[in-house]
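Below is one structure, written out as structure tokens; the observations come after it.
Every chain is numbered from 1 and lettered A, B, ... according to where its sequence line falls, protein lines coming before strand lines. Below, each value reflects all heavy atoms present in this structure, side chains not excepted, and no hydrogens, waters or symmetry copies.
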Amino acid sequence: MNVLEKIKSGITYCDGGAGTLLQSWGLMPGEYPETWNLTHPEKIIEMHRQYLEAGAQIINACTFGANRLKFDNLEEIINAAIANAKKACEGFNAYVALDIGSTGKMLEPLGDLPFEEAVSIYSEVVRIGARAGADLVFIETMNDSYDAKAALLAAKESCGLPVFVTCVYDEDKKLMTGADPAAMIAMLEGLGADAIGINCSLGPKQMLEIVPDFIRDASVPVIVNPNAGLPRSENGKTVFDVGADEFSDIMCEIVKAGATIIGGCCGTTPEHIRKTVEKAKNLPFALPEKKNRTVISSYTHAVEIGKKPVIIGERINPTGKKRFKEALRQNDINYIVNEGLAQNKKGVSALDVNVGLPEIDEAQMMVSVIRALQSVINLPLQIDTVDPVAMEKALRIYNGKALINSVSGKEESMKAVFPLVKKYGGVVIAVTLDESGIPETAEGRIAVAEKIIARAAEYGIGKNDIIVDPLAMAVSSDSNSANITLTAVKALHDMGIKTSLGVSNISFGLPSRADVNAVFYTMAMQNGLDCAIINPFSQEMMKAWHCFTALTGMDENCADYIEFAESLAPVQVQTEIKPSAGLDGCIISGLKEQAAAAAAELIKTTSPMEIINTMIIPALNTVGKGFEEKRVYLPQLLMSAQAAKEAFDAIKSAIPAGENKKGKIVIATVKGDIHDIGKNIVKVLLENYGYEVIDLGKDVEPEAIVEAVKSSDAKLVGLSALMTTTVPAMEATIKLLRKAAPDCKVMVGGAVMTEEYAEMIGADSYGSDAMAAVRFAEKTI
Amino acid sequence: MIEIIKSAAAEISIDPKEVAVYLGYYSANGIDPKIIDECIAEVSACASYKACFAKVPVTSEGSIDIGCLKACGKSLQKNLEGCDFAYVLAATTGFEVQRLIERNSVISPLKGLVTDCAGSAAIEAFCDKINSALDCSDFLRPRFSPGYGDLPIECQKGITEFLNTSKNIGLSLTDSLMMTPVKSVTAIIGIGKEKNECTGPGCMVCRKTDCPYR
């Protein structure tokens, strides 16, 4: 019987804590237990044997912290660890797990470990462990969903062994980086974990509270490995407060609640396991039911599709949007992220992400945008692309279980998309068209849907991970088109198939499109539509959704509707914003709205360049001077900068192309530095003064900075570093720049910088603050 | 023995005046208090305060040398003078605060800046609370962190490994020894035997006399 058959045949027991036991045998604090595989193999074997004798059936080889960041002799350690565990298992019917813990480093964007680097670190461990003969891979004590994804992906890619994953939850049922059980279950099951669960941090009592969350959502066996309660100090020794009797009693409750793979973590001993095995062995065994729900997730939560209609915000898409296209061409990721933030505020449940433009590298842009979005917005994302390369790159780095838009009934499409859905997990939108086009009848579209679902099944993708889009077509060109779509929605709904629509196509070519869209949307929801890609800034659409959910009993006490309706109440007639002290006065006082209003008024009579040169820049100079003389503080400087920006925006369209662009400046926080508040302030001010700023972000490789300078032909670079540890990276960047772009000047700044330091590393200028950067730019360009 | 403590956001009060000081003001006057209050509220709403600490012996040379943790230097020695023991502390506001700062910086640089300062005030307030909790019978010296005086920043490594902060409170280091979550503190706190004259506000013992925080 292999381990997968074993966990499906009855309650399976894991081992308990290793650290506490080894410490009592002489392991020093701070000493790596993994090295004992080589130096004290007999003790490691003895530890395993004690757990096996207590009844453990899966034992974790002593490889928890074994990875190349900690060990130069990784292969030797893992080989010895697996060999020790196997030796201990002689005479027992037990399985040896390659134990994988976190690298201890935080993944980007919260830390500095790139996702693919993490995957590579874990892959190396898995390859060695699998070769050494482990029976399974046990990924445990994961604090972060992204880290867990990297490890699981590595395991699936590097071996064919079963993979178990347990994470560390808090009393508030969340991982350290925010994910709840539902989000983790969606992601881990999507990636193909064979069993999932909880370990460490909490005692059995607290874990008992979380088990129902797992049983409610999980379809694979659930693992529970608690600590022996909380640690406390007794005569200088660490003891845990839950003894073997109490522990085993609660473990029985945990089994009754539905967990089928149980053991212990920190502080638990062979005695804890022995008593648990004794008491739990006669308890009834039942695996979790297969849930067949349609679930997507982000790095904090899951969204189930099939209950309340789900709104997917459509605004991250260049189609028909000039400003958005411009942002894509200029790599203005902030603009795109702001589109996401604004939709989030409107109450969407997921964000569609489409960044396809013929003239840009879509795969690269998709990766940048998803990284940026998932570092600040916790909504699940819908990866919207026809390019399979972009789709795979996006799915790889996505921190959760994504929506994928889309697959069609074309063989080519299904062949490209289904392997990705299977490998990375995800819910895919299936559009009902194939080689012969879009069927003209509801039956025809349903037939395509059924074909897609059947084909997906061959790849091992369940019906629940497919959402059919029966296509809304312009009613202006075929008066029956709405009927066909609605009939298809209803029929699919009755067949238990989830549906989605890009609603606004229906009104193409008609006046007052928003009204048509909203009524069609309502009709579709009434027919069972599960989700829709809509514009959340359309009041008509949001009204339709709120009214529908209130009227169909999905909005308890109509609370959401009432809140929404109140937000629509006409705001008291705004007193007309009158520029009180002229445009320059508004900028000096940092009054955004007034500055914009004043500029809009002035542009009627004055040329844009005159406004800029006689009002905006002098006002900025006044504030800047005050800042330099320490009469004005940074927040005021920023408020003025924002007011100036609003004024610029108000007159921007009138500025003749090419004018007021003073020159290009590349700015970045150097490699290794993850703080960029200061750099962002410098950016705003430079933009104010008319420079075109190419912002490369933070933690930027020297090569990337050089590349940007060369491709933009910028004559000035601004570098920021916060700590002494990142100044060498700054120096390396300057050296590289000197070689590749000798006529480009370099200014530096940041908390640790000083005039002398700047000189030492070869910079042209040291900026003590943002205004100093502006002054140097004025001198240089 | 490493102890872990957690505080509910409601237990930590972030002082707007402190935020104003971080923003460069000597008092809260002169900046719109609304934006400070708003950012404090947002930080409070998402902070997850966690800390871990251990009591360790101080060597006769006034340094710390236990397992992977080695911390020494003239300024630390001065700080630990007369102490037989010290606490080694690591504390954090959690990843949601880091994400909030990032998010608000995208929305507006001003809001980003104020949130960043509110985060700094939050971690200081949390550390103060831990200090006073530990202070019941001992006389604690000012918190002394890697990077202060001649205590090298590399000392972060020893502290985080010794306290296993990555596992215990989610705090880890980047290759350049920056902490994530960003609003975190590591420190050594001397345990004095009597009320020592240097227990005054941290800033006043510093030798940099032209600093605006004084």
Side-chain angles (χ1 to χ4, degrees), chain A residues 28-31 101-102 104-106 109-113 141 143-144 168 170-172 174 176-178 200-201 230-234 236-238 334 337-338 341 372 375-378 633-636 638-639 641-642 671-677 680-681 683-684 699 722-726 729, chain B residues 1-4 6 20 23-25 30-32 35-36 48 50 54-55 66-69 94-96 98-116 147 153-154 158 160-162 164-178 180-182 212:
Chain A
M28 296 306 289
E31 190 184 355
S102 167
K105 279 182 66 73
M106 198 66 202
L110 293 168
D112 66 339
L113 184 65
T141 322
N143 269 328
D144 172 34
V168 184
D170 249 333
E171 286 94 340
D172 57 3
K174 282 181 184 163
M176 205 86 81
T177 48
C200 209
S201 182
L230 294 171
R232 70 193 145 80
S233 184
E234 218 166 68
K237 283 205 167 151
T238 306
N334 258 15
V337 173
N338 266 310
L341 285 167
S375 61
V376 296
I377 304 176
N378 70 352
Y633 295 105
L634 190 52
Q636 287 158 289
L638 279 175
M639 281 164 72
Q642 282 183 359
K671 177 71 194 157
D673 207 309
I674 56 166
H675 294 255
D676 65 352
I677 294 262
N680 293 341
I681 292 167
K683 175 187 175 182
V684 178
D699 193 11
L722 185 90
M723 286 195 356
T724 47
T725 47
T726 54
Chain B
M1 161 80 195
I2 299 162
E3 290 185 60
I4 301 171
K6 296 170 189 175
L23 284 165
Y25 295 88
I31 178 168
D32 182 3
I35 180 158
I36 293 187
S48 166
K50 290 193 179 93
K55 198 168 175 174
I66 175 166
C68 57
L69 173 56
F95 286 107
E96 275 312 311
Q98 180 171 346
R99 287 189 182 124
L100 177 72
I101 294 168
E102 192 94 352
R103 182 158 56 241
N104 282 349
S105 301
V106 174
I107 295 168
S108 118
L110 173 63
K111 206 168 173 200
L113 175 70
V114 179
T115 313
D116 189 80
I153 196 83
E154 282 70 22
T160 50
E161 266 187 46
F162 181 75
N164 201 357
T165 56
S166 156
K167 184 165 173 244
N168 285 326
I169 60 169
L171 192 169
S172 55
L173 296 179
T174 68
D175 286 342
S176 51
L177 306 177
M178 293 186 179
T180 57
V182 291

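- For D144(A), no part lies near chain B; criterion is any non-hydrogen pair under 4.5 Å.
- Side-chain contact between V168(A) and K167(B) is absent, with no heavy-atom pair separated by less than 4.5 Å.
- Residue contact with chain B, scored on non-hydrogen atoms closer than 4.5 Å, involves the backbone and the side chain of L110(A) alike.
- Looking at L110(B), both its backbone and its side chain come within 4.5 Å of chain A, counting heavy atoms on both sides.
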Report the C-alpha separation of L634(A) and L23(B) in whole Å, then their side-chain angles, then the decisive distance to 0.1 Å, and conclude whether the side-chain contact (heavy atoms from CB on, under 4.5 Å) test is met.
CA-CA 7 Å; L634(A) 190 52; L23(B) 284 165; over 6 Å; no
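- Of the listed residues (P181(B), G94(B), S166(B), S176(B)), the one with the most heavy-atom contacts under 4.5 Å to chain A is S176(B).
- Remark: the backbone N or O of T177(A) is paired with a side-chain donor or acceptor of R99(B) at under 3.5 angstrom.
- Interface remark: I677(A) contributes side-chain atoms only to the contact with chain B (heavy atom separation under 4.5 Å).
- Contact count against chain A (heavy-atom pairs under 4.5 Å) is highest for K50(B) among E3(B), E154(B), E161(B), K50(B).
- Panel note: side chain D175(B), backbone D112(A); no donor-acceptor pair is recorded below 3.5 Å.
- Using a 4.5 Å cut-off between heavy atoms, N334(A) contacts chain B through both its backbone and its side chain.
- Each of N168(B), T174(B), T180(B) has some count of heavy-atom pairs under 4.5 Å with chain A, and the biggest count is that of T174(B).
- Considering only heavy atoms from C-beta on, P109(B) stays 4.5 Å or farther from K683(A) through its side chain.
- With a 4.5 Å cut-off on non-hydrogen atoms, E31(A) does not touch chain B at all.
- Contact between M723(A) and L177(B) at its shortest, heavy atoms only, is CE-O, 3.6 Å.
- Note: L171(B) CG to M176(A) CE = 9.5 Å, rounded to the nearest 0.5 Å.
- Residue K111(B) places its NZ atom among more than 12 non-hydrogen atoms of other residues, nucleotides or ligands, all under 6.0 Å distant.
- Contact of I169(B) with chain A is made through the backbone alone, with heavy-atom distances under 4.5 Å.
- Across all non-hydrogen atoms, the minimal contact from M178(B) to T726(A) is CE-CG2, 3.8 Å.
- Contact count versus chain A (heavy atoms, under 4.5 Å) is highest, among T165(B), D116(B), L69(B), for D116(B).
- Both the backbone and the side chain of S108(B) come within less than 4.5 Å of a heavy atom of chain A.
- For M106(A), the parts lying under 4.5 angstrom from a heavy atom of chain B are both the backbone and the side chain.
- Checked for salt-bridge contact, K6(B) and D172(A) miss the test: no charged N lies under 4.0 Å from a carboxylate O.
- Of all the listed residues (N378(A), D673(A), L722(A), D699(A)), the one sharing the greatest number of non-hydrogen pairs under 4.5 Å with chain B is D673(A).
- Between chain B and the options I674(A), L230(A), T141(A), I377(A), heavy-atom pairs under 4.5 Å are most frequent for I674(A).
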